[in-house]
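In what follows, residues are counted from 1 in the order of the sequence shown. Everything numeric here is computed off the predicted structure, so don't read it as measured data. Atoms considered below: every heavy atom in the structure, side chains included; atoms not considered: hydrogens, waters and symmetry mates.
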Amino acid sequence: MSIRPCVATALALFCACRHTTQSGHDAALGASVTAPSSTSASRTATASTPASGPAPATPSGAATGAAVTTAAPRIRVSTPVSRYTCPSVVRGGVFRSFLASADTSAAFVDGDDWLALVNRSPLGALPPEYAPTDLVDVRDGSSRNPGECEGQRECLRRDAAMALHRMFDAMRADGLKGHVQSAFRGFGTQCWLFAAMAQQARRGFCEATEQSALPGHSQHQLGTTLDMFTKEWADQGARTGEGVFRNGFGCSRGGQWVDDNAWRFGFVVSYPIHPDDRQDGSRCVARSDHPAAINPKTGYKNEPWHLRFIGVDAAARFHSAWEASGPGTPDEITLEQWLRAGLAGDADLPVCDGCQCGACATLAAEESRTPCGKAALWLDTDGNVVSPTEQPHLIDVRTSLASDDSVVLEMVVHIPAHTPTQPPILAAAGPFYTPGSTFLALSAYPAAPAHRYPDLSGAWRVAVEPIPPESTRWPWRASLASGDLAITWNHANVVLPAKAGDVALRMRISAPRLQRVRVALLRDGEEHDVREETIP
C-alpha cells in the first residue's frame, strides 16, 4: 500500500531522505543493469506478444514455477509467530483500536510463493521476520540485504526488478519515464509507517487501515510490489507540494498506460475501483453521487500506482481470466479473486481491529480479547469459519402492503453471536426486490448493475418464496448482518458475521399478485423454521 508522504514529522524526514536521491534514481531506472540488454520494444510490438521472450527465472525450493503457472488453490497452513514486533497496534499500544494477540500469533502466508495471498484478513499475514533473499537495488541491480533496502535504496526481488526495467524501456518508447516511489518494505518499516499515518489521519487508526496495510499484511513485504508513477507526475507533485499520492494518476497518460500494459511485463494493479463505483464506466474515475469506502473485493481503496509482480505468464493468465470475468460488471475479478482459486467467496474479511466490526474475522476464541467482541466472525486455528453451537431461529413474521403495493415482511430472528451469514444486506434505504429481481440478480443500489449472491457454505440467510413456488426456489433472500454494512459489503459475496441478539429484519418485495408466501431460514440449501403467511 502507499506511503502518504509527510503524515508525521518522522515520516516527513523519511520522505525527504528519499526525495533527495530521486532524480538520480529515475535517471538510472530503465537502463538495463541486471537484465539482458533489450531493445525498447514499442507498445504495439509488446501488445502482439504478451507472453513472448524469456519468462522470469523462478526461485528454487517450494516456489519453483509459481511465477509462470496459473493460479492454483491456496493451501493455507499456519506457522507460529515467535515474536510480534509491532507493539503499537496491539492491546496496550498507542491506539484505541488494536489487534487481538491471537491475530498476531500465527502467519498463514509463504512469502516465497510468487502467488501468495497477502491481504487484510487474519489469514493474509506474513511472519514478521520474513524478507526475500534475492533483493536487488532497482537502480543498479546490485544484491542487497533487507536492511540495506530500508533507507535510500529501493529494492525488489531480482526477477521483479528485471521485469521493471523491461517495462520502463517500453514506457520510454512511448514518451513516458517511470518513477519508483516505494518498493520493498520490511515488517518494521511498515509498522512505523502505519503508526505515523494513523497518528495523523483525521479518522485515526481506522482511516489508516483503508489506505495502508497493517504490518505483516502488506504486499510490499513480498519484495515484488512497488508504488510506481511517472517522472512528470512526480515533478508536478513536487512543484505543487501535493506529492505523488494525489487523486488523478489513474486518468493521467502514465496511469492509463500502466493500466493497459503492466500485465504484459508481469505486473498487476492490485487495487482497482470497484465496477459499481466507477463513473460512466471509466476505470479511473469514481462516482461522485455514491460514497465509496473500501472495495470489499480487495479490502482497500483504489490505488492505480500499486503494482505487484507475479510473473509474465501468470499475469497473462490473470489478464485472460479478467477479460473472461466481464470487465465493468459486478463479476469482474481482481488479483485477489484470481489468487483465491479454490477458496469460497470473493474475499476474506479484514482482521478485527475495531474498525470493521460486523465485517471482520478473528482467530481469538474469546470475545473479550478482540475489539469487535460479538460483531466478529470466528475462525479456528486453521482459519476455518466456526459456527456457534446454537442455531438462529425465527421469532416472529408480519406482512403488510406498502403504499406502492409492494409487500413488506417484518421478521424478528434470534441470532447467536458469531453466526455466519452473507449478502445481500437489506437496509432501510434498500436494496429492495423489484419486479423480476432475485438473490441471483439484485442491484446493490439504484442504477447499479445486478449482483449475484449464490450460497456460501455455512452461511445463514432469511428467505421468502411465493406459494406455489416458482422455478427459482426461495428467490428473495436477505443477510442476517447489520444494515449498516449494506453500502460497502453488498458489492461482494462474502461470509459475514451476523448481528447478534433478537434482530428485526425488513424485506420489501414488489411482486404483482403475490398473495401467500413461505418464510424460512436457509443454510446450505436446508430449510429451517418454515412458516406460511398470507398477504393482507
Answer yes or no: is there a side-chain heavy-atom contact under 4.5 Å between [X] and [Y]?
X    : Y    : answer
D348 : L117 : yes
S212 : Q190 : yes
P536 : T399 : yes
L505 : S479 : no
P475 : P466 : yes
S443 : P431 : no
C251 : V285 : yes
L339 : F318 : no

Shortest non-hydrogen contact from [X] toward [Y]:
X    : Y    : value
E332 : G326 : CB-O, 3.6 Å
I535 : R516 : CG1-N, 4.1 Å
V495 : L456 : N-CD1, 3.7 Å
P272 : T298 : CD-CG2, 4.1 Å
F108 : P122 : CD1-O, 3.7 Å
D276 : A444 : OD2-CB, 4.3 Å

What distance do [X] atom [atom1] and [Y] atom [atom2] have between them, rounded to the nearest 0.5 Å?
X    : Y    : atom1 : atom2 : answer
L480 : T421 : CG    : OG1   : 4.0 Å
L521 : E526 : CG    : CD    : 12.5 Å
F205 : S88  : CZ    : OG    : 8.0 Å
D113 : I310 : CG    : CD1   : 11.0 Å
L379 : D103 : CG    : CG    : 8.0 Å
N119 : R340 : CG    : CZ    : 7.5 Å

Salt-bridge criterion met for R518 and E527 (N-O under 4.0 Å):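 A salt bridge is absent here (no side-chain N lies under 4.0 Å from a carboxylate O).
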
For the pair E336 and K297, find out whether any cationic side-chain nitrogen is under 4.0 Å from an anionic carboxylate oxygen.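 No salt bridge links E336 with K297.
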
Given F439 and T472, is the side-chain contact (heavy atoms from CB on, under 4.5 Å) satisfied, shown in steps? CA-CA 10 Å; F439 74 101; T472 300; 4.1 Å; yes

Step by step, work out the side-chain contact (heavy atoms from CB on, under 4.5 Å) result for W489 and L349. CA-CA 10 Å; W489 292 97; L349 291 187; 3.8 Å; yes

Have a look at F187 and tell me which of Y130, Y84, F194, W192 forms a ring pair (Phe, Tyr, Trp, His ring centres under 6.0 Å) with it.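 One option only clears the test, and that one is Y84.
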
Parallel, tilted or perpendicular, as decided by the 30° and 60° cut-offs, for the rings of H393 and H414: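 Tilted: the ring planes of H414 and H393 meet at 30° to 60°.
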
Classify the angle between the aromatic ring planes of H418 and W378 as parallel (below 30°), tilted (30 to 60°) or perpendicular (above 60°).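 Taking W378 first and then H418, their aromatic rings lie parallel (interplane angle under 30°).
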
Please name the residue in the list R523, R461, Q422 that meets the side chain to side chain donor-acceptor pair (under 3.5 Å) test with D455.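 Running side chain to side chain donor-acceptor pair (under 3.5 Å) over R523, R461, Q422 with D455 returns exactly one hit, R461.
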
Is a side-chain N or O of [X] found less than 3.5 angstrom from the main chain of [Y], in a donor-acceptor match?
X    : Y    : result
D277 : R287 : no
D524 : G458 : yes
S510 : S406 : no
N490 : I425 : yes
T225 : H306 : no
S121 : G124 : yes
N302 : Y271 : yes
D346 : N493 : yes
Y433 : W476 : no
E465 : W474 : yes

Tell me, please, whether Y300 has R120 positioned over its six-membered ring: NZ or CZ under 6.0 Å from the ring centre and within 45 degrees of its axis?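 Because its charged atom sits under 6.0 Å from the ring centre and within 45° of the axis, R120 does stack over Y300.
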
Within 6.0 Å of [atom1] in [X], more than 12 heavy atoms from elsewhere:
X    : atom1 : value
Q515 : CD    : no
N247 : CG    : no
R398 : CZ    : no

Less than 2.5 angstrom apart at the SG atoms, yes or no, for C360 and C355?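 In this structure, C360 and C355 share no disulfide.
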
For the cysteine pair C352 and C372, state whether the SG atoms are less than 2.5 angstrom apart.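 A disulfide is absent here, as the SG pair of C352 and C372 is separated by 2.5 Å or more.
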
Test side-chain contact (heavy atoms from CB on, under 4.5 Å) on V517 and V407 and set out the steps. CA-CA 10 Å; V517 295; V407 176; 5.6 Å; no

Would Q337 and T334 count as a side-chain hydrogen bond (donor to acceptor under 3.5 Å, both in side chains) here? Give the steps. CA-CA 5 Å; Q337 285 76 62; T334 72; 2.8 Å; yes

Validation row, ring centre F245 to ring centre W305 under 6.0 Å: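 Aromatic pair counts; centres sit under 6.0 Å.
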
Run the numbers on H491 and Y445 for side-chain contact (heavy atoms from CB on, under 4.5 Å), then give the verdict. CA-CA 10 Å; H491 301 296; Y445 54 84; 3.1 Å; yes

